[in-house]
Amino acid sequence: LFQHLAEQKLAHARRALENGDLQALADAVHPLKSSSGGIGAHAMFELASRLELLSLRGEREPLPQLLAELEAAYSRVKPSLATARASVAP
């Protein structure tokens, strides 16, 4: 469930940033912040929190780098998700 949500919301965040829609960017990363915190993906939580805050403040300059860092953090978490899913599969 987290993997599907993360991939969907990261894609929405990327489109929002490309379109200059900071509210849509904040809306996309908000659920990532909550769910990544819930599974212990602390780097993702921190990055999503910063992205949401800066988007809502209208601070555009750091957003591309932060989104790239969030995408990279997800790439590091993704293999663990597959391992965890395999360990609980019937």
Side-chain angles (χ1 to χ4, degrees):
L1 185 63
F2 176 79
Q3 184 174 350
H4 177 73
L5 172 83
E7 290 174 5
Q8 180 184 50
K9 294 302 178 181
L10 285 169
H12 289 168
R14 176 60 57 195
R15 278 194 302 277
L17 183 61
E18 289 168 357
N19 293 331
D21 188 343
L22 300 188
Q23 183 61 54
L25 176 56
D27 292 345
V29 298
H30 179 79
L32 277 176
K33 177 181 74 173
S34 303
S35 57
S36 62
I39 67 162
H42 301 292
M44 286 187 68
F45 173 82
E46 292 297 327
L47 289 162
S49 296
R50 289 178 59 203
L51 268 165
E52 181 181 28
L53 178 65
L54 294 176
S55 295
L56 292 173
R57 288 183 180 172
E59 297 181 30
R60 295 176 183 272
E61 186 177 333
L63 298 177
Q65 179 62 37
L66 285 173
L67 182 55
E69 290 176 27
L70 179 59
E71 291 166 333
Y74 172 66
S75 293
R76 291 188 300 273
V77 168
K78 192 174 177 179
S80 299
L81 298 172
T83 301
R85 190 171 45 248
S87 70
V88 296

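Throughout, residue positions are numbered sequentially from 1 according to the sequence presented. Note that this is a predicted model, so its numbers are computed, not measured.
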Contacts of type salt bridge (charged side-chain N to carboxylate O under 4.0 Å, His left out), residue Glu69, not counting sequence neighbours:
none
Do other residues, nucleotides or ligands put more than 12 heavy atoms under 6.0 Å from Arg50 CZ?
no
Nearest atoms (heavy-atom pairs only) where Leu5 meets Ser35:
CD2-OG, 3.2 Å
Which atom names give the shortest non-hydrogen contact between Leu54 and Pro62, and what distance separates them?
CD1-CG, 3.6 Å
Please check if the number of heavy atoms outside Glu18 that lie under 6.0 Å from its CD is greater than 12.
yes
Just distance, no hydrogens or angles: give the donor-acceptor pairs under 3.5 Å from side chains in residues 19-29, sequence neighbours left out.
unit_1, atom_1, unit_2, atom_2, d
Asn19, ND2, Arg15, O, 3.2
Asp21, OD1, Gln23, N, 3.4
Asp21, OD1, Ala24, N, 3.0
Gln23, NE2, Asp27, OD1, 2.8

Which atom names give the shortest non-hydrogen contact between Val77 and Met44, and what distance separates them?
CG2-SD, 4.0 Å
State the CG-CZ distance between Leu70 and Arg14, to the nearest 0.5 angstrom.
9.5 Å
Does the side chain to side chain contact (heavy atoms under 4.5 Å, CB included) test come out yes or no for Leu47 and Leu67, once each step is laid out?
CA-CA 8 Å; Leu47 289 162; Leu67 182 55; over 6 Å; no
Closest non-hydrogen atom pair between Lys33 and Phe45, with its separation
O-CD1, 3.0 Å
For the CD atom of Glu71 and the CZ atom of Arg76, what is their distance to the nearest 0.5 Å?
11.5 Å
